Amino acid sequence: MDTKAVFFDLDGTLFTSTRNILPSTKRAIAELKERGVLVGVATGRGPAFVIPIMENLQLDFAVTYNGQYIFSPSEIISTRPIDKKSLREILAYSRKNHRDVSFGGADGMSGSSLIKFGETRTAQFVNHILPGKISNSLKDTFKNFVRKVRPQRMDLEKIIRQPIYQVVMVATEDETPELEASFKNVSITRSNPYSVDIIAKGNSKLKGIAKVGEKYGFGLENVMAFGDSNNDIEMINGVGIGVAMGNGTYQVKQVANYITDTNNQDGIAKAIAHYGLINFYDQETFRSRDEEFNKVKDFHTLMDGKTQEIPKIFSASDASNRVDFKVEELVEFLYAAAKGDEEKFSNLIEKMKADIDKAKQKIISKDKDIDDVLTNEVDALTDMLYLTYGSFVLMGVDPAEIFDAVHRANMGKIFPDGQPHFDEITHKVLKPDNWEKEYAPEDRIKFELERQKKVATKKGN
């Protein structure tokens with residue numbers, strides 16, 4: 001999938017349980033932007049809440065109030081207020097049934113003190129660390145306390161005269177059907193078990209993302225989105241790559257292409273690296289100053305699930321397997337050099353066999369000390385790497401962009417279930433059906449070589 005934009009839910013996704021943003025998440029976002037990928041949020045929060053986050057992370061756009069209010073740093077892209085009739089019905093219902101309610105305008109939420117408390121770091125932290133039954137009991141106690149000591153005194157009739165994009169009402173999950181039956185002209189969704197978000201009929205995070213895509217030139221198939229709650233289900237299910245957080249609900253995990261680690265355990269960075277868009281590292285893995293090495297390491301992490309962190313030797317059988325891969329590429333190199341001429345190609349292969357025999361005799365005659373196997377293996381591999389770079393030098397080709405094209409192609413060998421598949425006999429990585437169309441590197445390599453030729457020609461003139 002050619003990912004052009006990435007969207008994050010906030011609570012439980014971009015935020016940790018204490019509403020911080022992990023360093024790994026910040027690095028991931030910065031690297032995405034360096035690679036030309038657009039980054040935004042898709043949240044039930046309002047624009048006033050999101051603006052500081054957008055500035056801090058240098059985000060490109062925000063879908064707020066569950067798709068009701070969409071903006072970039074330079075403009076408002078789309079807004080859709082709730083109709084006044086529905087607002088009056090919701091306010092009347094809340095008073096009749098003694099429900100705490102808040103109304104979301106462009107400048108923030110106005111209304112219930114209970115709902116305002118529920119949005120604080122303290123409430124988020126309490127909800128995270130306490131068992132469900134105790135947490136629910138505290139919420140009920142606090143609700144009763146607030147309603148008695150500090151009832152809603154704001155002039156809500158005056159508030160709803162202004163454009164309102166979302167209403168938040170305290171309600172348990174089993175009360176959702178009653179609310180849906182009471183309000184026919186709005187949509188009801190929820191990001192937690194304790195309250196519902198009420199928005200204009202037919203609107204959603206996914207619809208908001210589609211509107212952003214219309215403006216910025218990408219489709220839903222080009223989007224990766226992250227979420228953890230049931231109000232993220234449509235979004236996760238509707239984009240090209242939907243990622244559920246490890247702390248997410250069972251329902252959102254059921255529709256996701258990939259389930260990553262939790263919001264407290266680098267889940268965002270790990271998932272983005274899983275799809276080859278960034279290079280992720282943590283304290284348990286070493287990183288090289290050679291970025292090409294790091295990219296290949298990410299490939300093996302994706303395919304093998306882990307990498308070797310302590311230097312060790314290749315066994316004879318493992319070394320033979322690695323050479324098998326290299327021989328295939330050498331034969332392909334000779335076939336290209338022969339320009340497809342079968343006779344010339346056959347002659348080159350025969351010479352290659354003779355060269356192998358000659359090299360064999362040369363190595364045996366040296367009677368080389370092989371007590372330090374690791375040093376000898378690494379020395380040989382480094383010489384091969386040096387010779388490969390030397391071949392590029394003699395061709396006059398800069399391999400950097402070409403390596404990236406090959407790396408992207410290799411990282412694209414992921415099937416719709418989010419996992420690599422292997423040939424049962426050869427154990428080679430298989431290619432999904434869309435690989436040739438979306439990931440095959442030949443066209444990109446050809447384009448880059450033509451670019452390098454043009455640059456070199458201009459310099460020559």
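Just so we're clear, the structure is a prediction, and the values are computed from it rather than from any experiment. When reading the values below, keep in mind they use all heavy atoms of this one structure, side chains included, and skip hydrogens, waters and symmetry mates. In this chain, residues are counted from 1 in sequence order.
Side-chain contact between Met411 and Tyr275: absent, with no pair of heavy atoms (C-beta onward) separated by less than 4.5 Å. Contact annotation: the side chain of Phe8 never approaches that of Ile21 to less than 4.5 Å [non-hydrogen atoms, C-beta and beyond]. Between Val50 and Leu10, the closest side-chain pair of non-hydrogen atoms falls below 4.5 Å. In this structure, Met54 and Val41 have side chains that are not in contact, with every pair of non-hydrogen atoms separated by 4.5 Å or more.
Using a 4.0 Å cut-off between a side-chain N of Lys or Arg and a carboxylate O of Asp or Glu, Arg322 and Glu329 do not qualify as a salt bridge. The existence of a salt bridge linking Arg451 and Glu448 is confirmed by a sub-4.0 Å separation between a basic side-chain nitrogen and an acidic carboxylate oxygen. Taking a cutoff of 4.0 Å between a charged side-chain nitrogen and a carboxylate oxygen, Glu31 and Arg27 do not qualify as a salt bridge. Salt bridge present: Asp261 and Lys270 bring a charged side-chain N and a carboxylate O closer than 4.0 Å. One finds no salt bridge joining Glu292 and Lys297 here, because no Lys/Arg side-chain nitrogen approaches an Asp/Glu carboxylate oxygen to under 4.0 Å. The pair Lys205-Asp232 meets the salt-bridge criterion, since a charged nitrogen lies less than 4.0 angstrom from a carboxylate oxygen.
Of all heavy-atom pairs between Pro163 and Lys84, the closest is N-NZ, 4.0 Å. For the pair Pro441 and Ala405, the tightest heavy-atom approach, listed with the atom from each and the gap, is CB-O, 3.8 Å. When all heavy atoms are compared, the tightest approach of Gly412 to Trp435 is O-CD1, 3.7 Å. Nearest heavy atoms, Arg35 versus Gly276: NH1-O, 3.9 Å. Considering all non-hydrogen atoms of both residues, Asn203 and Gln68 come closest at ND2-OE1, 2.5 Å. Minimum interatomic distance between Pro47 and Thr64 (heavy atoms only, all atoms of both residues): CD-OG1, 3.6 Å.
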> What do the steps show when you test Glu157 against Arg95 for salt bridge (Lys or Arg N to Asp or Glu O under 4.0 Å), and what is the final call?
Replying inline: CA-CA 12 Å; Glu157 284 89 352; Arg95 286 174 170 168; 2.3 Å; yes
>> Applying side chain to side chain contact (heavy atoms under 4.5 Å, CB included) to Val167 and Val186, what does each step give before you reach the verdict?
In response: CA-CA 10 Å; Val167 181; Val186 295; over 6 Å; no
> Can you check side-chain hydrogen bond (donor to acceptor under 3.5 Å, both in side chains) on Thr176 and Glu178, steps first, answer last?
Replying inline: CA-CA 5 Å; Thr176 301; Glu178 177 186 341; over 6 Å; no
> Should Val37 and Lys4 be marked as a side chain to side chain contact (heavy atoms under 4.5 Å, CB included) after you check the CA-CA gap, both sets of side-chain angles, and the distance that decides it?
Replying inline: CA-CA 5 Å; Val37 178; Lys4 296 181 179 179; over 6 Å; no
>> Would Leu14 and Ile29 count as a side chain to side chain contact (heavy atoms under 4.5 Å, CB included) here? Give the steps.
In response: CA-CA 11 Å; Leu14 190 70; Ile29 291 173; 4.1 Å; yes
>> Using the rule given for side chain to side chain contact (heavy atoms under 4.5 Å, CB included), can you reason through Lys413 versus Leu430, listing the C-alpha separation, both sets of side-chain angles and the distance that settles it, and then say yes or no?
In response: CA-CA 7 Å; Lys413 295 174 182 177; Leu430 298 176; over 6 Å; no
>> Evaluate Thr189 against Asn231 for side-chain hydrogen bond (donor to acceptor under 3.5 Å, both in side chains), listing each step before the verdict.
In response: CA-CA 6 Å; Thr189 183; Asn231 71 330; 4.6 Å; no
> Are Asn263 and Thr13 close enough, and set up right, to give a side-chain hydrogen bond (donor to acceptor under 3.5 Å, both in side chains), and what steps lead you there?
Replying inline: CA-CA 5 Å; Asn263 59 329; Thr13 301; over 6 Å; no
> Is there a side-chain hydrogen bond (donor to acceptor under 3.5 Å, both in side chains) between Asn294 and Glu291 once you walk through the steps?
Replying inline: CA-CA 5 Å; Asn294 292 334; Glu291 279 305 312; 3.0 Å; yes
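Ring geometry, Tyr93 versus Phe183: the interplanar angle exceeds 60°, so the pair is classed perpendicular (tilted spans 30 to 60°). Ring planes of Tyr258 and His274: parallel class, angle under 30° (limits at 30 and 60°). Ring planes of Tyr165 and Tyr69: perpendicular class, angle over 60° (limits at 30 and 60°).
Within 6.0 Å of CZ in Phe403 there are more than 12 heavy atoms belonging to other residues, nucleotides or ligands. Atom CG of Asp433 is surrounded by 12 or fewer heavy atoms from other residues, nucleotides or ligands within 6.0 Å. Heavy-atom neighbours of Met395 CE from other residues, nucleotides or ligands within 6.0 Å: at or below the threshold of 12. Within a 6.0 Å radius of CZ in Phe422, more than 12 heavy atoms belonging to other residues, nucleotides or ligands are found. Around CD of Glu328, the count of heavy atoms belonging to other residues, nucleotides or ligands within 6.0 Å does not exceed 12. Other residues, nucleotides and ligands place more than 12 heavy atoms under 6.0 Å from the CG atom of Asp324. The number of heavy-atom neighbours closer than 6.0 Å to CG of Asp443, taken from other residues, nucleotides and ligands shown, is 12 or below.
Of the inter-residue distances, the one linking Glu175 atom CD with Ser182 atom OG reads 10.5 Å to the nearest 0.5 angstrom. The OG1 atom of Thr307 lies 8.5 Å from the CG atom of Asp304; values are rounded to the nearest 0.5 Å. To the nearest 0.5 Å, the span separating CG on Leu220 from CG on Asn237 amounts to 11.5 Å. Ile278 contributes atom CD1, which lies 6.0 Å from atom CG of Leu32 (distance to the nearest 0.5 angstrom). With values rounded to the nearest 0.5 angstrom, Arg45 atom CZ is found 9.5 Å from Asp197 atom CG.
Side-chain N or O atoms of Gln166 include one that pairs as donor or acceptor with a backbone N or O of Gly44 at under 3.5 Å. The backbone N or O of Val168 sits nowhere less than 3.5 Å from a side-chain atom of Ser102 that would complete a donor-acceptor pair. With hydrogens and angles disregarded, no donor-acceptor distance shorter than 3.5 Å links the side chain of Asn410 to the backbone of His407. Between the Arg190 side chain and the Ser195 main chain, a donor and an acceptor come within less than 3.5 Å of each other.
The salt bridge (Lys or Arg N to Asp or Glu O under 4.0 Å) pairs that include a residue from residues 58-82 are Lys33-Asp60, Glu75-Lys215, where partners are two or more places apart or lie in different chains. For residues 395-406, every residue pair satisfying the side-chain hydrogen bond (donor to acceptor under 3.5 Å, both in side chains) rule, not counting sequence neighbours, is listed here: Lys295-Asp404.
Partners of Asp83 according to the side chain to side chain donor-acceptor pair (under 3.5 Å) rule, which considers only residues two or more places apart in sequence or in another chain, are Ser86.
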